[in-house]
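Hydrogens, waters and symmetry mates are skipped; everything else that's a heavy atom, side chains included, is used. Note that the structure is a prediction, hence the values are computed from the model and not measured.
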Amino acid sequence: MNFDLQDLLLVSVAYLLVLFFFAWATEKGWIPKSVVRHPAVYVLSLGVYASSWAYYGSLGIASEHGYVFLAYYFGISGAFLLAPVLLSPILRITRTYQLTSLADVFAFRFRSPLAGTLATVLMLTVSMPLLSLQIQAVSDSIHLISNEYSPKTLAIVFCMMVTLFAILFGTRHISARDQHQGLVVAMAVESIVKLLVMMTLGGVILFQVFNGFSGVEEWLANNNETLAGMQTPVEDGPWRTMLLMFFASAIVMPHMFHMIFAENRGRQSLNVASWGMPLFLLVLSLPTLLILWAGIKLDTPVTADYFTLMIGHALDMPWLTIVSYVGGLAAASGLTIVTTLALSSMILNHLVLPYYPAHRQMEINIYRWLSWVKRLLIATLIMASYGFYRLWESQHALYNLGVIAYVGALQLLPGALCVLYWPKANRIGFITGLIAGTSIWLVTMMLPQMIDITVYSPSFSDMSSYLYQQWHLFGMISLAVNATLIYAISSLTNMSPEEKAAASACQVENPGGREHKIPVAKSAYDFHEMLSKPLGSLVARQEVSRALKDLNMREDESRAHSLVRLRDRIEKNLSGLMGPTVAHEIVENFLPWDKDKGYVPQDIHFMESRLEAYHSQLSGLAGELDSLRRYHRDTLNNLPMALCSVDSNGDVMLWNHAMKELTGITAQDVLGAPLAQIQAPWNKILGHFSTIKDQHLLKHSVEIEDRRRYFNLHKANIEAPASGTSGNTVMLLEDHTENQVMEDQLFHSERLASIGQLAAGVAHEIGNPVTAIDCLAQELKALSDEAETREVAGQVLDQTKRVTRIVHTLVSYAHNGQNRTDKTTLGAVNIEACAQESITLLQLGRKSDNIRFLNLCDSDHSVTGDQQKLQQVFINLLTNAVDASIDNAARSGSSTITIRTSATPHTVSVEVEDQGHGIPAVIQERLFEPFFTTKEAGKGTGLGLALTWNIVEEHFGSIQIVSPVDKVLERGTRFIISLPRYEPYSLANEEAEKKSIRQQQGDVTYAPHDQWEQKGETV
C-alpha cells in the first residue's frame, strides 16, 4: 500500500509539532522541574546518538558485515562505562572554563586559534555527509512508501521545520552556562519514540513473521548460511576499526559532545548515564537482527537499510509502516537539530568571532548580535546539508556516508587524549598530526566518494573498489600517522608558558600550580571601564556583575587575589559566550597584568575551599598530609585566643574564629587584604603593632564605639624560607577590658571606703564642738533678759539641731552595717522621711545647686525594711538623677527631680523622676550589671545600681525603668520601686508566734514587746 505525499507531510508536521509542544511546555515551566531535571531525561536525550545510521544503516552493516553492527552500540557503551576516566575529566574542563565544543577545548588547551579553526573545519566537513545522510534517509523513506518518485518537496519541508525548531529552542541561551532545557526534553521524547517504534517492530516481527521464539530458531536452523555469513566477518572484517571510531564518537562527534557536556546538568547525571546509556542502546539494538531476518524471510525488494519500512507493507499493516516512518523521522530530526546547533557555535567561535573588532568601541548589544548570527548559521548549515544531499542523491548507501563521517571525526581522538593525559603535547604537534591524518582521510575516503575517478581512466575503477573495501585499513593508517606526528613533533619542540598553564589546568590529576600576577585594574569598577571598549558599557557591566555574583564578591572588591580570580572568571564567562580564543584575546588585551608587579598573595580561603572539595579524592601520603593540615587549621581556628597572621607584604593570611568574635570581622572579608584596608580601628591597632620592635604590648588602650577598651598584644616573627612563610608575623590579642575595669573599680571602692571612714570620723569630731555650742546657746537663752538676744540664741539652737541632724545622717551613711538584711533590723520605714533625709544629704554638694528636689511622698506611706539600706537606695538613685540633670540645669537654669509615692493595700510604689538626658534603650538591660557604667573612668564605679538592685531584691521588691519620660523631647528617666507596705498587725502576730514557741521551750523570762521598749535602758 502506498501513501500520498500529503499524508506523509501531515504525519511529519504533526510529529515535529509534538516536539515543539514538549520543548515549549518545558520552557514555559508547565512540566515540573523534578521531571525536567531528572537524570533519566538527560540519559534519554543522549539517545540522539541513534540517528538514521542506527535506525537504517545498522541493518546495512549487519547485512554486509554481520555482527560487526554491534560495534556501533558496544563502542560508545565502552566510552560511557569509562566515564570516570574519559568523560568526567572533559566535563570538569568544559564546566570550569565554559567550553561548548571540542574545538573550544583544543583552542583553550593549545592556546592556538588555529587549533580551534582546524578542528571546526574538520567537524564541518565530517558533518556534511552525516547531515545529508539524515536528509537522504527521510527522502528515501518517502520514496519507498509514497506515490511520489522523488519527494524533494517534503525533504525541503523537513529541513525548514528542523531549522525552525533549532532556532527557537537552540538559541534561547547564548552563554554556555545556560542549558536548553526544552531541547533536552524534546530529544528525550525522540529517544522514547525510537525505542517504542523498535520494540513495536520487534514484537510484530516475532509473533507475526516467526510465530514466536521457536519460529526464529526453526528458521535459523533452516538457513545456516545466514548465520555463517554473519559470523565470519567478525574475525577478519573492520570490527576493531568500527569499535574504535564509535568509541571515539562520544567525544569527537559534535552532536554527542554537545549533549554529553554542553547540556549536562551535573556530574550526577553523567554518573547515571555511565550505565543508563549502555542499557538504552542494548534495548534499542535487540530488534535489529529480527528486522534483518524478517526482511530476508519476506524477500523484501529493497536494500537491507530500509527493511524497517517494508515490513508493514509485506504484512499488509499500513499503521506499522507509518510507525516505522515516524521512527526514522525521529532519528533523522534529532541528530540534524543538535548537530547544526553544535556546529553553529563552533563556526561562530572560531570562524566568525576571530574577526570581531574588539579594538573598536562597540555600542551594539552583543547578546542580540550573537543570537542572530547563530540563527543565520543554523539555517545556512541545514540548507548546505540539503545541497550536499542533492549533490550525492542516490549515489551512496547510508552505510558509506556514515563510515566517511565517523572515520573523519576519528582524527580528533589523539588530540583529545593528549588534552587529558599528555601534558607535553603542544600546538605544533597537534596541528601537524591533525593536518596529516585528515589529508589521508580526504584522499582515501572523502574525495573518491565525491568525485567519480573512473571517468578519467577505467583503471581507476579497481583502485576505487579497493579503497572502498579497505576503508578500515586506511582509517587506521591515518589515525596512526596523526598520533605519531603529535608525539614526535611535540617531543622535539617546546611549549609556550601559556600552553603549560593550560595543559596543567586540563590534566586529570591537576597539580593546581599557576603563575601569580597582579592585574593592572585595582578594583571591579576598573574591570567595567576596561571592558567597555570591546564589549560596550552595558554588556561589560553585565559580565562583570555576573562574575562577581558567581564568586560571591562585593562590587567594591579591591583585594589583589580576588581581582585575579575575578579576571579568570570573566574570561571563563566570555569563553562560554564567544569561545576561548576571542575571550582570551579580549582579556589579555583589555585586562592586562601589571608588569611591574609579579606577585599576588595566595587566597587562603579559596585554597581551603578547593582542598575541602577534593578532600575525598586524596589518598596515601597526600591524604595523610591533608589530615595533618586540617588538624593544624582547626587548632588555630578554634584557639580560644584571637589570632591573625600577615605576610611580608602586610596582607592578612590567617584570621581565626576568636578574632572574628573579638572584632566582628569575618575571615572572608580580610583574607588577602592589607592590614591598612581592614575596618577601623583594628587596622591601626594591628598595623602599628606589626611595625614596632616590641614583641609584647600590655594594656593597650583603645576607644571603640565610645567605650574605652584594653588589649594585651603579642606577636612572633616566622622565618622559615623552606616552607615559603619567611617574613610572616603572627599576632595574638587578649581583651583585658573587664580585668582592667575591675581593677579600677576595686581601687575606686577602696578610696570610697576610706572616704566613708573619714566622713564618720569627721562627723564624730564635729559633734563635740556642736554640743558645746548648743549648751552655750541654751545657757545664753536662759540667762539673758533681752528679747533680741534670746531670739538669736534660739536661732543658734535651731542651726545646731540642723547640724546635728546632718552629722547623724553622715554617720548613718558611712556606717558599715550588715551584709544582709536581718529580721531584727526590719521595721517601719517612712518613705517621706527617708527621702527627705537623702535629699538633705545630697544638697550638701555643690553640683546640686541648680537642682530642685520635689518631695511629693505621702507621709502615711511606710514600708517594711531596713532604714539604712533603703536610704542608700534613695541616695544612689538621686545621685544618678543629679548627674543626669546637670546638663539640663546648666542649659535652662534649673532642673527638677521629683519623688512621689502611690500605694495599694500591700505595696508602696516610689517613683524617682528627673528631667535629664535619659537612658538609651540599648543599655537599659545592662544598667544593673556590676561595674557597668556610662561615666568616664574615675567618675563612676558601676556599682551603685547593682547595689540598689540587690537591696530592693532583699526587701522582696522590684524595680523598673521608664526612659525617656518625655517622648517628644526624648528626655527624662523614671525609676519605679515597689516595696512591701508596712503592716503592724503582721509584726504583732509574728511576735506572738515567737512568744508561743519560747513558752513551749520553757523560756519564762519572756516579756511583752512593749515592756522591752519601756525598759530599754536597763536591758
[X] to [Y] - nearest heavy-atom pair and separation:
{"X": "Met641", "Y": "Leu733", "result": "CG-O, 3.6 Å"}
{"X": "Leu654", "Y": "Leu636", "result": "CD2-CD1, 3.8 Å"}
{"X": "Phe874", "Y": "Cys834", "result": "CD1-SG, 3.7 Å"}
{"X": "Thr973", "Y": "Gly918", "result": "OG1-CA, 3.3 Å"}
{"X": "Val829", "Y": "Gly865", "result": "CG2-O, 3.4 Å"}

With sequence neighbours left out, which residue pairs that include part of residues 684-700 fulfil the salt bridge (Lys or Arg N to Asp or Glu O under 4.0 Å) condition? Lys699-Glu743
Kindly indicate, with the supporting measurements, whether the criterion side chain to side chain contact (heavy atoms under 4.5 Å, CB included) is fulfilled by Thr663 and Gln679. CA-CA 9 Å; Thr663 62; Gln679 184 177 329; over 6 Å; no
Would you mind reporting whether [Y] and [X] have side-chain heavy atoms less than 4.5 Å apart?
{"X": "Arg971", "Y": "Pro964", "value": "no"}
{"X": "Arg981", "Y": "Thr904", "value": "no"}
{"X": "His861", "Y": "Glu832", "value": "no"}
{"X": "Asn717", "Y": "Gln695", "value": "yes"}
{"X": "Ile839", "Y": "Ile899", "value": "yes"}
{"X": "Leu945", "Y": "Leu877", "value": "yes"}
{"X": "Phe975", "Y": "Ile919", "value": "yes"}
{"X": "Val965", "Y": "Gln915", "value": "no"}

Tell me if a side-chain donor or acceptor on [X] pairs with a main-chain N or O of [Y] at a distance below 3.5 Å.
{"X": "Asn712", "Y": "Glu734", "answer": "no"}
{"X": "Thr901", "Y": "Asp858", "answer": "yes"}
{"X": "Thr737", "Y": "Tyr710", "answer": "yes"}

ring-ring contact (aromatic ring centres under 6.0 Å, His included) pairs, two or more places apart, involving residues 674-708: Trp682-Phe711, His696-His714
Consider side chain to side chain contact (heavy atoms under 4.5 Å, CB included). Of Ile977, Asn830, Val908, Val910, which one does Val863 pass it with? Val908
Out of the candidates Leu732, Val646, Ile692, only one should pair with Lys715 under the side chain to side chain contact (heavy atoms under 4.5 Å, CB included) rule; please name it.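 In the set Leu732, Val646, Ile692, the residue that makes a side chain to side chain contact (heavy atoms under 4.5 Å, CB included) with Lys715 is Ile692.
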How long is the gap from [atom1] on [X] to [atom2] on [Y], to the nearest 0.5 Å?
{"X": "Thr879", "Y": "Ile897", "atom1": "OG1", "atom2": "CD1", "result": "9.0 Å"}
{"X": "Ile851", "Y": "Leu878", "atom1": "CD1", "atom2": "CG", "result": "11.0 Å"}
{"X": "Ile685", "Y": "Ser690", "atom1": "CD1", "atom2": "OG", "result": "12.0 Å"}
{"X": "Asp914", "Y": "Asp883", "atom1": "CG", "atom2": "CG", "result": "10.0 Å"}
{"X": "Thr666", "Y": "Lys660", "atom1": "OG1", "atom2": "NZ", "result": "6.5 Å"}
{"X": "Ile959", "Y": "Ser978", "atom1": "CD1", "atom2": "OG", "result": "11.0 Å"}

Carefully, step by step, assess Thr898 and Arg974 under the rule side chain to side chain contact (heavy atoms under 4.5 Å, CB included). CA-CA 9 Å; Thr898 306; Arg974 180 188 299 138; over 6 Å; no
Tell me yes or no: between the side chains of Asn876 and Gln872, is some donor less than 3.5 Å from an acceptor?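 No pair is found: no donor N or O on one side chain lies under 3.5 Å from an acceptor on the other.
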Test His657 against Asn638 for side chain to side chain contact (heavy atoms under 4.5 Å, CB included), laying out the working first. CA-CA 6 Å; His657 298 324; Asn638 297 314; 3.3 Å; yes
For Asp860, give me all partners under salt bridge (Lys or Arg N to Asp or Glu O under 4.0 Å), at least two apart in sequence or on another chain.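 By the salt bridge (Lys or Arg N to Asp or Glu O under 4.0 Å) rule, Asp860 matches no residue at all.
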